[in-house]
Q: 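Below is the structure I would like to discuss, written out as C-alpha cells.
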Amino acid sequence: MKNLQVVAAIIIYQGKILCVQRGRHEFDYLSDKFEFPGGKVESGETGEEALIREIKEELSMDIRIDSLFCTVEHQYPDFFIELNCFICRVSSYRHTLHVHQQSAWMDPGLLAELDWAEADLPAVYQLIVEKPF
Ligand SMILES: Nc1nc2c([nH]c(=O)n2[C@@H]2O[C@H](COP(=O)(O)OP(=O)(O)OP(=O)(O)O)[C@@H](O)[C@H]2O)c(=O)[nH]1
C-alpha cells in the first residue's frame, strides 16, 4: 500500500486561516473535501522546500514558514499518509486558485463547520483548542 509524505500549510493572516476545497479526487472519499494547501514531498526536497513550492504552484502565494504545528498519521482505505502541518504567514490575503475549486479565510472557531479530509481532523481540532496565533 502507498505511503505518502505530505506537507500542508496552515496559512494565517489577520487571525484567519486559509482553507481550500478540492475538486474531484480519484478516491471518492477525498472528493470535494477541505484541506490545508500543500502536497507531496518530492525526493531530494525538505518538507519546507516542498511546502514553499506547492503553495506557489497551487495559490501563487509566497509563504514564510513559522513552525511545525503537528504531524498526523492516517490510514485511508487506499493509502497511508503522514501529514506534516506547518504554521505559515503571508503578507497579503491575495491568492489565485490553480488547483482547488474554492477557498475561504476562516475564523479558527468556525473550522469544524467545513467538511474536512479525514486526515486533517486531528490538526483542525488541535487548532481550535490551542489557537497558536
Ligand atoms: N495537500 C493536502 N493533501 C492532503 C491533506 N489531507 C489529506 O488527506 N491530503 C491528501 O494527501 C494527498 C496529497 O496529494 P496532493 O495531490 O495534494 O499532492 P501533489 O500536489 O504533490 O499531487 P500531484 O502532483 O500528484 O497531483 C492527496 O491524496 C490529498 O487528498 C491536506 O491537508 N493537504
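We count ligands from 1, going down the list as the structure has it; atoms in each ligand are counted the same way. Bear in mind that the values here come from a model prediction, so they are computed numbers and not experimental data.
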Q: Would you please say whether a donor-acceptor pair under 3.5 Å links the side chains of Asp32 and Gln101?
A: yes
Q: Let me see the working for His100 and Gln21 under side-chain contact (heavy atoms from CB on, under 4.5 Å), right down to the final yes or no.
A: CA-CA 6 Å; His100 295 92; Gln21 186 181 26; 5.7 Å; no
Q: Nearest to atom 3 (N) of ligand 1, what protein heavy atom do you find, and at what distance?
A: Glu35 OE1, 3.3 Å
Q: Which of the atoms in ligand 1, numbered in the order shown and given with their element, are less than 4.0 Å from a heavy-atom of Phe79?
A: 28 (O)
Q: For Trp116, state whether at least one heavy atom is located under 4.0 Å from any atom of ligand 1.
A: no
Q: Please state which part of Ile81 comes within less than 4.0 Å of ligand 1, counting heavy atoms only: side chain, backbone, both or neither.
A: side chain
Q: Report the part of Glu54 (side chain from C-beta onward, or backbone N, CA, C, O) that has a heavy atom under 4.0 Å from ligand 1; answer both or neither where that applies.
A: side chain
Q: Taking only heavy atoms of Gly38 into account, list the atoms of ligand 1 that are under 4.0 Å away from them.
A: 1 (N), 17 (O)
Q: Arg53: what forms a salt bridge (charged side-chain N to carboxylate O under 4.0 Å, His left out) with it, not counting sequence neighbours?
A: Glu42, Glu45, Glu57
Q: Which of the atoms in ligand 1, numbered in the order shown and given with their element, are less than 4.0 Å from a heavy-atom of Ala119?
A: 8 (O)
Q: Atom 8 (O) of ligand 1: which protein heavy atom is closest, and how many Å away?
A: Tyr76 OH, 2.6 Å
Q: If you define the side chain from C-beta out and look only at heavy atoms, does anything of Asp66 sit under 4.5 Å from Arg64?
A: no
Q: For atom 17 (O) of ligand 1, is there a protein heavy atom at a distance under 4.0 Å?
A: yes
Q: Looking at CD1 of Ile87 and CG of Leu127, how far apart are the two atoms once the value is rounded to the nearest 0.5 Å?
A: 5.5 Å
Q: Measure the distance from atom 15 (P) of ligand 1 to every protein heavy atom, then report the residue, atom name and distance (to 0.1 Å) of the closest one.
A: Arg22 NH2, 3.3 Å
Q: What protein heavy atom sits nearest atom 13 (C) of ligand 1, and how far off is it?
A: Val6 CG2, 3.8 Å
Q: Any donor and acceptor pair, going by atom type alone, linking the side chain of His95 with main-chain N or O of Tyr93 inside 3.5 Å?
A: yes
Q: Under the ring pair (Phe, Tyr, Trp, His ring centres under 6.0 Å) test, which residues partner His74, sequence neighbours left out?
A: Tyr76
Q: Any chain of hydrophobic side-chain contacts (each under 4.5 Å) joining Val72 to Tyr125?
A: no
Q: Please examine the side chains of Leu97 and Leu59, heavy atoms only from C-beta on, and report whether any two atoms are closer than 4.5 Å.
A: yes
Q: Atom 33 (N) of ligand 1: which protein heavy atom is closest, and how many Å away?
A: Phe36 O, 2.6 Å
Q: With the side chain counted from C-beta on, respond yes when Glu48 and Val7 share a heavy-atom pair under 4.5 Å apart, and no when they do not.
A: no
Q: Quick one: does atom 26 (O) of ligand 1 have a protein heavy atom under 4.0 Å from it?
A: no
Q: Among all protein heavy atoms in this structure, tell me which lies nearest to atom 6 (N) of ligand 1, with the distance rounded to 0.1 Å.
A: Asp120 OD1, 2.6 Å
Q: Heavy-atom distances under 4.0 Å are what count here, so tell me which part of His25 touches ligand 1: side chain, backbone, both or neither.
A: side chain
Q: Tell me: protein heavy atom nearest atom 24 (O) of ligand 1, and distance?
A: Lys40 NZ, 4.8 Å
Q: Taking the side chain as every heavy atom from C-beta outward, state whether Phe36 and Ile55 have any atom pair closer than 4.5 Å.
A: no
Q: With a 4.0 Å heavy-atom cut-off (strictly under), which part of Glu57 contacts ligand 1: side chain, backbone, both or neither?
A: neither
Q: Under a 4.0 Å heavy-atom limit, does Phe27 contact ligand 1 with its side chain, its backbone, both, or neither?
A: neither
